[in-house]
Amino acid sequence: MMARMEGFAALGQGLGLRPPFYEAAATGAAPIAPVDWWEVVSENFMGEGGNPRRVLRAARAHRPIVLHGVSMSLGSTDPLDDRYLDRLAALAAEIEPAWISDHLCWSSFGGHRGHDLWPLPFTEEALAHVAARVARVQERLGRRILVENVSSYLTFRHSTMSEPEFLTALTERADCGLLLDINNVFVSAHNHGFDATAFLEAVPRERVGQFHLAGHETLPTHLRDTHDHPICDGVWDLYRHAVSRFGDVATLLERDDHIPPLDELCAELRRAGEVARAALGEAGA
Amino acid sequence: MKLADVEARFYELVTARDSVAATVAAGGPEIRRAVEEMVAGDARLPAIARLEIYADMYFVRIHDVLADEYAKTAAALGAAAFHGLVTDYLDACRPEHPSMREVGTRLPAFLAGHPTTAHRPWLAELARLERARLEMVDSADAETLTLESLRTLRPDRFVTLRLRLVPSHTLFATRFDVVSLWRSDDPGAAAIPDSSPTTLLVWRREIEVLHRAVDGEEADWLRRLASGDVSFAELCDGLGRGRSNEAAAARAFELVGRWASEGLLRADSPA
């Protein structure tokens, strides 16, 4: 088996740091015992001061932090936002995150922002464009980043490769890693009618540095990636398969809306640990 | 199809004022054909319905953030009027900043010129107060001068003390008593606020964001402190116009004591 990339340790089970958990994270209090690490949305902590930065500095004293961005807009044909990258680099210099990640998507056009994760066509042109931008970002940040697969609701007719083929080629050309969002694979597989397990099998094993787990909303015509429900059985099954294939990978539970009490999320985190240990045991048997 | 062309067509459709279906219908059969050639659809979800998902998410996400950040203004306007306001705002002021928090930066100024507030001009001032409070949340930190440290200063040091404001503050003029409106549990049902021109001071003390009205004299001095620094002696001199020396000194001590207790003065004010 090829060794995983350096720089992406198996941190255990982490949780997205959201305002209801700020004080527990800052004090390192007992209720956060099951949380091995925190992932924060980078843009929410780019302000100069105040409570967000105070909490982040304090939380960092107790747990590793990962910076997860939503605005790098790696697939946009707009120029990369240098001021944004400067702010991200400054935040990283202060917080010393375990790593930095963003999404395989575009979210800006003509100088305007969409504040969403818009899908790319999987073409050679888009691949060359994104790979060059990821390489530039990595050079600016002085580190390898993880790029996450997004949930999508449409595909482009002129795509010439599958999403796993695109991701595989991207990681090779840009020498970046993958943040494999298991829920996003599940959601997109349903919305586009592909086999989620086959998707996992097609992703390069050594490039996966982190997993995301989350819930979604089931609508009559499609699944919507909402991060406002508990993880469903199908995603747990897919996660089990992912751990069997990719090994002990840092796993993050995302919850952004209808946020339940911390102990409920910690119960999901513990379940993630149990699923991972069982899958690793089976894989090693 | 070139990536730039894909992004241009997608962006135009999902951020349009109207639904994707209405925008495509208005564009005629050529646009419909182009969309169907670009996006794969099926019986369950045709191409336009798939684009509509993105259009809905674009609007709803921004609407919900603005409704949260401008909760009092949204409540005063009512859900339908606020929805209309956001529709017009996004049409006129497309988001330009990578942070979602900056989406609403221009809303108070936009609201001031919006027909919704023609007969309720105080709503733009209420929005400005909400925006100012939001901007203080993660503004720059500074060590503050405490009342206790002031009390330990020798009188000769006190006279030469340079007074400077913390960076996490803002001042702006209002024509209506929007502080009362902001305090109301139901701004939609609240009485029309009094017309009472004043200056509002918004600032952050540690992690708590505060605001209060200031009178004209205090507002003038706060602006001077904000634009540079002022010594305690200069403050006393300035307050002495129309007052006895004793009354001016008493007023200066009152102001400086209040500013220090409220966390408005920087600790690095050189004595």
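Nothing here was measured: the structure is a model prediction, and the numbers come from that model. Within every chain, numbering begins at 1; the chains are lettered A, B, ... in the order of the sequence lines, protein sequences first and strands thereafter.
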Check whether [X] gets within reach of chain B through its side chain, its backbone, both or neither, counting any heavy atom under 4.5 Å.
X: A:R83; answer: neither
X: A:S107; answer: neither
X: A:S76; answer: both
X: A:D116; answer: both

Does any part of the side chain of [Y], heavy atoms only, come nearer than 4.5 Å to the side chain of [X], both counted from C-beta?
X: A:H112; Y: B:E96; answer: yes
X: B:F10; Y: A:F109; answer: no
X: A:W118; Y: B:V14; answer: yes
X: A:T123; Y: B:L3; answer: no
X: A:R157; Y: B:V39; answer: no

[X] side-chain N/O to [Y] backbone N/O, donor-acceptor pair under 3.5 Å:
X: B:Y54; Y: A:Y153; answer: yes
X: A:R113; Y: B:P95; answer: no
X: A:T77; Y: B:A4; answer: no
X: B:D141; Y: A:G50; answer: yes
X: B:R44; Y: A:N191; answer: yes
X: A:E48; Y: B:D138; answer: no

Side chain from CB out, backbone as N, CA, C, O: work out which of these in [X] comes under 4.5 Å of a heavy atom of chain A, or both, or neither.
X: B:S99; answer: both
X: B:V103; answer: side chain
X: B:A142; answer: neither
X: B:E208; answer: neither

Inset, instruction - Taking all non-hydrogen atoms of both residues into account, name the closest pair between A:H115 and B:R61 and its distance. - result: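 Nearest pair, atom of A:H115 first, then B:R61: O-NH1, 3.0 Å.
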
Inset, instruction - Please assess A:L120 against B:E7 for the test side-chain contact (heavy atoms from CB on, under 4.5 Å), listing each intermediate value before the final yes or no. - result: CA-CA 9 Å; A:L120 281 162; B:E7 293 185 353; 4.0 Å; yes

Legend entry - Heavy-atom pair count under 4.5 Å with chain A, highest-scoring of B:H97, B:R101, B:E206: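 Maximum pair count with chain A is reached by B:H97.
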
